[in-house]
Amino acid sequence: MESRIEDVVIIGSGPAGWTAAVYAARARLEPLVFEGAPSREMIPGGQLMFTTEVENFPGFPEGIDGQKLMLEMKAQAERFGTRVVTDDIVEVDPSSRPFRLRTAEGNVVHARTVIVATGARANWLGLDNEERLAQTGGGVSACAVCDGALPAFRDQVLAVVGGGDSAMEEALYLTKFAREVVLIHRRDTFRASPIMAERALEDPKIRVEWNTEVSEVLGEEFITGLRLRDTGTGEERELEVGGLFLAIGHTPNTGFLAGVLDLDEAGYIVTQTPWRTETKVPGIFAAGDVMDSYYRQAVTAAGTGCMAALEAERFLAHQGGEDAGHDLPAEPVAAEG
Ligand code: NAP
């Protein structure tokens, strides 16, 4: 990594990150994007990489594949001079000016402004066998679109847990492969938007287990069934399934920001004022799902990415550009611990 002061470092590569990059790059700020290293829970490009058809992003009347949309956004950002690093930022020192960031690989980056756009990741129920089978490819997944087409799930009874739009979307997607999809929801009404709920309820392959939660995941090498509990009576019963897909919401990726920025009780970044992206640290901005627990849409994430880039640009203009692009003395990476 070069030892120079970056004008704008963007952490994250979903719609918010790439939109911020497009704006910052077109403002000649040569943004540096840390797109994240691929892991079990997240890959560069964020949650849309796990979505097949995006029908509600304006400009695509026939819908667009989620992965394609993200690759197009990245290409658009790169076209204007955005630089991309496939690594995570694991530490932000808000007390130094310029800010000092450390990557998972141990490199140090100096930035005059930072845009945090790290999004959110899937939640799990927290059952022992759930995690074990998810890690060993035993038929438990938090992403139907990533894993649903695997041969092991063909013509099986597949369970989806959740009552939001993700659960509806995952259940509908799985009907392409499954013999039957059982939607397991802990209440008696869905949280999902009416249009998505309607589609799921009308699908002949989808059956709903209302007022039900999963108390145990059964199976040694591969899932064989679920122990279900009636949330009203507490009565337990078993359901044979050949796959389990969790769709129970997300947690913002802000672990590396504890003590750095204000976070709400669910971990979302709190911004200073409504309709602004500046955090409690002047020069650090937040965009996308990492600061939005309410809308959580690709288009709103893109919108806040734009806002963050414009705010960063104005912040830099106020600060003056005397140290921008200047070299810093090289620092030994090992000394960063
Ligand atoms: P969500 O709306 O927060 O729904 C999470 C669901 O999981 C809720 O039904 C919740 O139950 C249930 N749940 C949470 N914790 C649970 C637990 N421990 N055990 C059992 N059930 C649990 O999350 P989402 O569905 O991922 O959607 C997030 C946002 O993305 C929403 O704004 C949604 O509209 C949007 N989205 C849109 C689309 C689309 O338009 N195509 C697709 C996907 C997502 P309760 O209802 O009882 O709380």
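When a ligand or atom number is given, it counts from 1 through the structure's own listing order. Excluded from the calculations below are hydrogen atoms, water molecules and symmetry mates; all remaining heavy atoms, backbone and side chain alike, are included.
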Using distance only, find each side-chain donor-acceptor pair of residues 137-163 under 3.5 Å and give its atom names and separation, not counting sequence neighbours.
| residue | atom | partner | partner atom | Å |
| --- | --- | --- | --- | --- |
| Ser141 | OG | Cys143 | N | 2.8 |
| Ser141 | OG | Cys143 | O | 3.2 |
| Ser141 | OG | Asp147 | OD2 | 2.6 |
| Arg154 | NH2 | Ala149 | O | 3.3 |

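Under a 4.0 angstrom heavy-atom cut-off, Glu213 registers as lying outside contact with ligand 1. Residue contact annotation: Phe190 has no non-hydrogen atom under 4.0 Å from ligand 1. The closest approach between a heavy atom of Met168 and any atom of ligand 1 is not below 4.0 Å. Assignment of Ala247 to the shell around ligand 1 is supported, since a heavy atom sits closer than 4.0 Å. At least one heavy atom of Gln297 sits less than 4.0 Å from an atom of ligand 1.
Residue contacts with ligand 1 for His250 involve side-chain atoms from C-beta outward but no N, CA, C or O (heavy atoms, distance under 4.0 Å). Here Asn56 has side-chain heavy atoms under 4.0 Å from ligand 1, and that is the only part of it that gets that close.
The protein non-hydrogen atom at the shortest distance from atom 41 (N) of ligand 1 is Glu169 OE2, 3.2 Å. The nearest protein atom to atom 23 (O) of ligand 1, hydrogens excluded, is given as Gly249 CA, 3.8 Å; this is a heavy-atom distance. Taking atom 7 (O) of ligand 1 as the reference point, the nearest protein heavy-atom neighbour is Ile248 CA, 3.2 Å.
With ligand atoms numbered from 1 in the order given, ligand 1 contributes 32 (O) to contacts under 4.0 Å with heavy atoms of Tyr295. Listed by number with element, the atoms of ligand 1 under 4.0 Å from a non-hydrogen atom of Gly163 are 6 (C), 8 (C), 9 (O). Each of the atoms 45 (P), 46 (O), 47 (O) of ligand 1 lies under 4.0 Å from some heavy atom of Arg187.
At a threshold of 4.0 Å, the pair Glu313-Arg28 does not count as salt-bridged, since none of the basic side-chain nitrogens sits closer than that to a carboxylate oxygen. Between Glu72 and Lys74 there is no salt bridge, since no side-chain N of the basic residue sits under 4.0 Å from a carboxylate O of the acidic one. Electrostatic pairing of Glu6 and Arg4 counts as a salt bridge here, judged by a charged N lying under 4.0 Å from a carboxylate O.
Remark: Ala75 pairs with no residue by the side chain to side chain contact (heavy atoms under 4.5 Å, CB included) rule, at least two apart or across chains.
Screening Arg229, Arg187, Arg227, Arg186 against Glu213 for a salt bridge (charged side-chain N to carboxylate O under 4.0 Å, His left out) leaves a single residue, Arg229.
The nearest pair of heavy atoms linking Arg112 to Phe99 is O-CE1, 3.6 Å. Among all heavy-atom pairs drawn from Ala16 and Ala117, the shortest one is CB-CB, 3.9 Å.
The aromatic rings of Phe57 and Phe60 sit tilted relative to each other, their planes meeting at an angle between 30° and 60°. Between Phe190 and His185, the ring-plane angle classifies as tilted under the 30° and 60° cut-offs.
For atom 24 (P) of ligand 1, the nearest non-hydrogen atom from the set Gly164, Ala120, Ser166 belongs to Ser166. Comparing Asp165, Val214, Leu125, Asp292 by heavy-atom distance to atom 19 (N) of ligand 1, the nearest is Leu125. Of all the listed residues (Arg296, Arg191, Arg186), Arg186 holds the heavy atom that lies closest to atom 11 (O) of ligand 1.
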